[in-house]
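To start, the structure under review is shown below, and the notes come after it.
We number each residue from 1, following the sequence as shown. Every value quoted in this text rests on a predicted model; they were computed, and no experiment measured them.
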Amino acid sequence: MSLFFKHRKPSLSAANYADEWRRLRDEYADPAIELAKTKQAVVVSAASVIDRLWNGHGGTSWDESCEEDYVAPLREHLVTTEVFSSDECAVIARKLDDLVTIGRKNLQHTADAEGEETVLDSAGAEVDYLVLRVVDWCRHFPEPIPLADEEEYHGHF
């Protein structure tokens with residue numbers, strides 16, 4: 001058995017992942033990540049906002065602040081060998097990099113279009129993958145992990 005599966009609980013079906021994602025969003029998600037009191041709230045809130053930005057609005061609301069506000073907390077908390085194998089951590093990090101690349105590219109397309117309609121690239125597959133890993137991460141850490149005062153997110157300045 002590979003190391004990838006050592007860290008995992010039994011696999012959820014696609015429907016169960018969707019149900020678990022809805023439950024996690026209902027319990028933890030708040031677009032004001034700076035109000036989060038647990039690591040679960042930070043991870044779920046960041047992923048929820050990214051999911052809404054890409055799968056709900058097609059990435060049209062993505063801007064430069066999204067990297068620091070939503071991607072950085074996922075890099076900090078989600079990419080961990082405590083939950084995932086090093087190979088899986090590399091895939092998660094790559095998906096986050098791809099998401100940022102697509103966001104930056106779309107911002108440039110929008111700027112180049114000078115107010116004209118333009119077609120934006122999709123990051124839906126990357127976001128969907130990240131949502132699945134957030135569900136796995138939260139299943140690994142079912143009990144709330146309080147944020148230490150020095151780790152608490154206070155927004156960007």
Side-chain angles (χ1 to χ4, degrees), residues 1-104 122-157:
M1 184 178 290
S2 76
L3 182 61
F4 175 78
F5 292 106
K6 279 186 177 179
H7 297 292
R8 297 209 170 212
K9 293 187 178 188
S11 181
L12 293 174
S13 70
N16 288 343
Y17 266 105
D19 289 344
E20 184 67 5
W21 176 236
R22 279 189 290 280
R23 185 193 70 75
L24 289 167
R25 278 191 332 222
D26 289 348
E27 183 174 347
Y28 293 115
D30 188 333
I33 292 175
E34 62 271 10
L35 301 177
K37 301 292 184 212
T38 66
K39 288 183 181 183
Q40 286 88 342
V42 169
V43 169
V44 172
S45 292
S48 179
V49 171
I50 289 172
D51 184 30
R52 214 171 32 256
L53 285 172
W54 288 99
N55 290 328
H57 302 288
T60 59
S61 299
W62 181 268
D63 63 30
E64 295 87 0
S65 70
C66 293
E67 291 179 43
E68 185 175 335
D69 293 345
Y70 311 117
V71 174
L74 291 176
R75 285 188 199 283
E76 179 180 350
H77 299 294
L78 185 62
V79 183
T80 174
T81 56
E82 189 174 351
V83 178
F84 303 105
S85 70
S86 54
D87 288 344
E88 187 67 13
C89 286
V91 172
I92 296 167
R94 189 171 59 247
K95 296 290 185 180
L96 289 166
D97 291 343
D98 292 347
L99 178 73
V100 168
T101 299
I102 293 166
R104 288 177 181 172
S122 172
E126 288 77 7
V127 173
D128 292 345
Y129 180 84
L130 293 170
V131 164
L132 295 175
R133 298 302 69 86
V134 167
V135 170
D136 289 338
W137 188 91
C138 288
R139 287 182 73 220
H140 186 83
F141 296 113
E143 297 300 318
I145 304 168
L147 288 173
D149 288 337
E150 68 274 0
E151 290 182 9
E152 192 168 350
Y153 181 79
H154 298 287
H156 62 285
F157 302 104

Fill in the blank from the handout: dist Asp30:CG -> Ser48:OG (nearest 0.5 Å) comes out at 9.5 Å
Exercise for the section: Would you mind checking if Arg23 and Asp26 are paired as a salt bridge, meaning a charged N to carboxylate O distance below 4.0 Å? Expected result: no
Handout entry: Atom pair CZ (Arg133) and OG1 (Thr80), whose distance is rounded to the nearest 0.5 Å
Key = 14.5 Å
Practice task
Flag the pair Arg94 and Asp97 as a salt bridge only when some basic side-chain nitrogen lies within less than 4.0 angstrom of an acidic carboxylate oxygen.
Solution key: no
Problem - Minimum side-chain heavy-atom gap Ile33-Asp69 below 4.5 Å - result: no
Practice task
Taking the side chain as every heavy atom from C-beta outward, state whether Arg25 and Asp51 have any atom pair closer than 4.5 Å.
Solution key: yes
Exercise for the section: Would you kindly say whether Asp87 and Ser85 are connected by a side-chain donor-acceptor distance under 3.5 Å? Expected result: no
Handout entry: Minimum heavy-atom distance Ser45-Ala29, with the two atoms named
Key = OG-CA, 3.4 Å
Handout entry: Min side-chain heavy-atom separation Leu147-Thr38 under 4.5 Å
Key = no
Fill in the blank from the handout: One should read off an interatomic distance between Glu68 CD and Arg75 CZ, to the nearest 0.5 angstrom, of 12.5 Å
Fill in the blank from the handout: When every non-hydrogen atom of Ala47 is compared with those of Trp21, the smallest separation belongs to CB-CH2, 3.7 Å
Problem - Any side-chain heavy-atom pair of Lys37 and Tyr28 under 4.5 Å - result: no
Handout entry: Note, Ile92 side chain near Leu130 side chain (heavy atom, < 4.5 Å)
Key = yes
Handout entry: Leu99 side, atom CG; Glu67 side, atom CD - distance, nearest 0.5 Å
Key = 8.5 Å
Exercise for the section: Establish, yes or no, whether a centroid distance under 6.0 Å links the rings of Trp137 and Phe141. Expected result: yes
Exercise for the section: Without swapping roles, check the side chain of Gln40 against the backbone of Pro142 for a donor-acceptor pair under 3.5 Å. Expected result: no
Problem - Student check: side-chain heavy atoms of Val131 and Tyr17 closer than 4.5 Å - result: no
Handout entry: Minimum-distance pair of heavy atoms, taken over all atoms of Gly124 and Asn55
Key = CA-OD1, 3.5 Å
Handout entry: Residues Asp128 and Lys95 bridged, charged N to O under 4.0 Å
Key = no
Practice task
Output the distance between atom CD (Glu126) and atom CG (Leu96), rounded to the nearest 0.5 Å.
Solution key: 10.0 Å
Exercise for the section: Mind checking the CG-SG spacing from Leu78 to Cys138? Nearest 0.5 Å is all I need. Expected result: 8.5 Å
